[in-house]
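Read the structure below first, then the notes.
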Amino acid sequence: MPKKEDKRNYEMFAYLPDLFLEDVFARLSIRHRYYASMVCSNWSRIFHSPRIWRTFQMQDRLLTRRKFNYYLGYEHVLDHYRAQICLRYVGHNFRTIIIRPMSNFYNLYEFLNMLSSFAEFYDENPLRSVHTFTFSFACHQKISSGIDDNEQVFGTGGELLKALQRLIINLPGVKNLTLNELLLNESDANDASNEIARHCSETLMHLRLVNLTKDLCPFLNVGMFNNLRRLTISPQQLSDDMLIVLSQTSIRHLHVVQNTFTEIGVSVPGSAWRESRRLSKFHVHLRIEGRLTKEIIWQEFAPVKSVVYESPYSKVTADSILTVVDLYSKDLQIYGHLSLPRFYMARSFHERADSNLVLLCRECPMLHTLIIRQLVSTATVVLIAWTGKRLKSLFVRRNAMIKRADWPRSPDWSSDFFSWLKQTACSYELVQKEVSRLLGVNWTPLSDFQFKSLQINYSSVT
């Protein structure tokens, strides 16, 4: 039996502040929220708080039940009664709807139709307050043939696309719309983009269409969105005409994203980028996502403000650095590699990227954010902070810093400077102190956990 004092301490968890409990409940899955609600009456009250239902994520096996199929055995099918009860009691609290990649297309189709029917049943649309909708299609599937498993990439379309369009129509207040990996053909892509522009032209502020099509298909409907501020597309949606239309809109940030399913892309001629730069002042951001080993499709003379690799297999190479310096040295403000690396990193100075990173800082006077994940010496970190003219944010993994001063002496360095560099590089504490002094902020290297959760602030681009 626990002591009375211990029992009293445990009972205090029932009276934690509502804001704290709501934050905890919002991070739990629906199943674990239900289990937590049975702890006490106060936690049961928090379970019905509108704040914890602002974000709803649909994924495989959520709101499903087991059903025996004579051909496939037991499978998880959407439980319409449970889904109906969920929407009835908490659906009006939704502000963000996220649909994760689902392998069961029939469950996905049924849930999209249930959401649309829920919005159309009432006189006042209960989904009118939804401001963010994210849909990711599971285009990569494993097909079992009995002998081995084959991996295939599918595109959406047909009735599933119609159900998706119907749901978007029933979200009149959506401001942030994300559609990932639809891989449509040209006719379906044009119909879908026309439908989105017809119903969301006044409300949308952020639009993300990554791999809308598999082949080349310019996104010319961009001119129909009056209040759009940020557009994220793939290289296959770019063209000369699209840039001209884009120059006449209010868009300020154009993100060009490549990932594993981007098989083809367009490098728009420099003359088109020059003309668009003359007509409008929007910023271009080039980014790689996922497990992609290919290089970025460079856009010559584009107003590129950031180059970011979010792939664990991308490396800092001399060719990529020289290309960035040659094409974007006057505009580049952010450069970095996110996520932890999954490749061999040499420890020898001549095989590392130290000199290339220092060259990037020296040749790009507008650079203010640099993210390094590969092995670099402590002397390189100090040199980067000393070389960067406007550098304010330097993110380096603590486990990627080698305590060495293996730089050969440059003819431009004085003996005092070279001695100061070697002395500083021999201590992690001195490196942290000198970098903080050079950057004018309290600088410290990041742990791997901090580096994995690092996110770029694109609003700092001017």
Side-chain angles (χ1 to χ4, degrees), residues 259 285-293 295-296 306-321 324 332-362 364 367-388 390-407 421-458 460:
N259 62 16
H285 308 272
L286 303 181
R287 189 163 77 252
I288 278 182
E289 296 178 350
R291 298 175 176 271
L292 190 63
T293 58
E295 186 54 87
I296 288 178
S306 69
V307 175
V308 178
Y309 298 82
E310 296 185 29
S311 170
Y313 300 103
S314 59
K315 302 179 182 181
V316 178
T317 62
D319 291 339
S320 64
I321 293 293
V324 169
L332 189 68
Q333 298 184 21
I334 299 174
Y335 182 89
H337 290 249
L338 298 175
S339 74
L340 298 181
R342 299 191 63 179
F343 52 83
Y344 169 74
M345 292 184 292
R347 301 181 70 88
S348 173
F349 174 81
H350 299 287
E351 298 179 28
R352 297 200 310 263
D354 298 46
S355 57
N356 296 322
L357 293 171
V358 174
L359 173 66
L360 178 71
C361 293
R362 184 172 66 246
C364 299
L367 186 70
H368 61 69
T369 300
L370 181 63
I371 304 173
I372 306 172
R373 71 176 181 192
Q374 291 184 215
L375 289 178
V376 291
S377 65
T378 51
T380 302
V381 176
V382 176
L383 278 176
I384 288 174
W386 178 75
T387 306
R390 297 187 60 183
L391 194 64
K392 293 298 180 182
S393 300
L394 176 60
F395 301 100
V396 183
R397 292 173 52 231
R398 185 181 296 111
N399 293 335
M401 290 176 56
I402 310 174
K403 189 165 59 174
R404 291 181 185 175
D406 48 4
W407 272 80
L421 179 63
K422 291 200 304 181
Q423 182 180 0
T424 304
C426 292
S427 171
Y428 290 117
E429 291 76 13
L430 289 177
V431 169
Q432 183 172 336
K433 180 180 178 181
E434 288 298 324
V435 173
S436 300
R437 182 183 65 83
L438 292 171
L439 298 182
V441 295
N442 186 16
W443 181 86
T444 181
L446 304 180
S447 64
D448 285 353
F449 177 79
Q450 293 173 326
F451 195 88
K452 286 174 62 178
S453 60
L454 184 63
Q455 294 184 352
I456 297 178
N457 181 20
Y458 289 101
S460 61

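Because only heavy atoms are used, hydrogens play no part in the values below, and waters and symmetry mates are left out as well, while side chains stay in.
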Applied to residues 370-381, the salt bridge (Lys or Arg N to Asp or Glu O under 4.0 Å) test, sequence neighbours excluded, yields none
Can you tell me how far SG of Cys364 sits from CG of Leu391, rounded to the nearest 0.5 angstrom?
-> 11.0 Å
For Asn442, does the CG atom have more than 12 heavy-atom neighbours from other residues, nucleotides or ligands under 6.0 Å away?
-> no
Can you tell me how far the CG atom of Leu446 sits from the NZ atom of Lys452, to the nearest 0.5 Å?
-> 13.5 Å
OG of Ser320 to CG of Leu360, rounded to nearest 0.5 Å, is 9.0 Å
Looking only at heavy atoms, the pair that brings Tyr313 and Leu292 closest together is CB-O, 4.3 Å
Examine distances only and state if a side-chain atom of Ser436 and a backbone atom of Gln432 form a donor-acceptor pair shorter than 3.5 Å.
-> yes
Using the ring of each side chain (for Trp, its six-membered ring), is His337 parallel, tilted or perpendicular to Tyr309, with breaks at 30° and 60°?
-> parallel
Would a distance-only check, ignoring hydrogens and angles, find a side-chain to backbone donor-acceptor pair under 3.5 Å from Asp354 to Ser377?
-> yes
Restricting to pairs with a member in residues 429-441, which pass salt bridge (Lys or Arg N to Asp or Glu O under 4.0 Å), not counting sequence neighbours?
-> Glu434-Arg437
Is any side-chain heavy atom of Ile334 less than 4.5 Å from a side-chain heavy atom of His368?
-> yes
Would you confirm whether Ser311, through its side chain, and Arg291, through its main-chain N or O, come within 3.5 Å as a donor-acceptor pair?
-> no
Taking Thr424 as the fixed residue, which of Leu430, Thr378, Val435 is the one that meets the side-chain contact (heavy atoms from CB on, under 4.5 Å) rule?
-> Leu430
Do side-chain atoms of Arg347 reach the backbone of Ile402 as a donor and acceptor pair under 3.5 angstrom?
-> no
Between Ala353 and Gln374 the two heavy atoms that sit nearest each other are CB-NE2, 4.4 Å
Return the minimal non-hydrogen interatomic distance between Glu351 and Ala346, and the atom names on each side.
-> OE1-CB, 3.2 Å
Using modelled atom types only, decide if a donor and an acceptor are shared between the side chain of Ser453 and the backbone of Phe449 within a distance under 3.5 Å.
-> yes
Heavy-atom pair of closest approach, residues Ser355 and Trp407 = CA-CH2, 3.7 Å
Polar side-chain atom of Arg398 near backbone of Pro445 as donor-acceptor pair, under 3.5 Å = yes
Ile456 CD1 to Glu310 CD distance, which is reported to the nearest 0.5 Å | 6.5 Å
Taking C-beta and beyond as the side chain, do Phe343 and Thr293 meet within less than 4.5 Å on heavy atoms?
-> no
Give a yes or no on whether the backbone of Ile384 and the side-chain of Thr387 come within a donor-acceptor separation of less than 3.5 Å.
-> no
Would one find more than 12 heavy atoms of other residues, nucleotides or ligands at under 6.0 Å from atom CD of Gln423?
-> no
Please confirm whether the backbone N or O of Leu394 pairs with a side-chain atom of Trp443, one donor and one acceptor, at under 3.5 Å?
-> yes
Donor-acceptor pair, Tyr428 side chain versus Met401 backbone, under 3.5 Å?
-> yes
Rounded distance (nearest 0.5 Å) linking atom SG of Cys361 with atom CH2 of Trp386 = 12.0 Å
Over all heavy atoms of both residues, which pair between Asn356 and Ile321 is shortest? Give the atoms and the distance, please.
-> O-CG2, 3.4 Å
What distance separates Arg397 CZ from Gln450 CD, expressed to the nearest 0.5 Å?
-> 12.0 Å
Specify the closest pair of heavy atoms between Phe451 and Ile372, including all atoms of both residues, with the distance to one decimal.
-> CE1-O, 3.5 Å
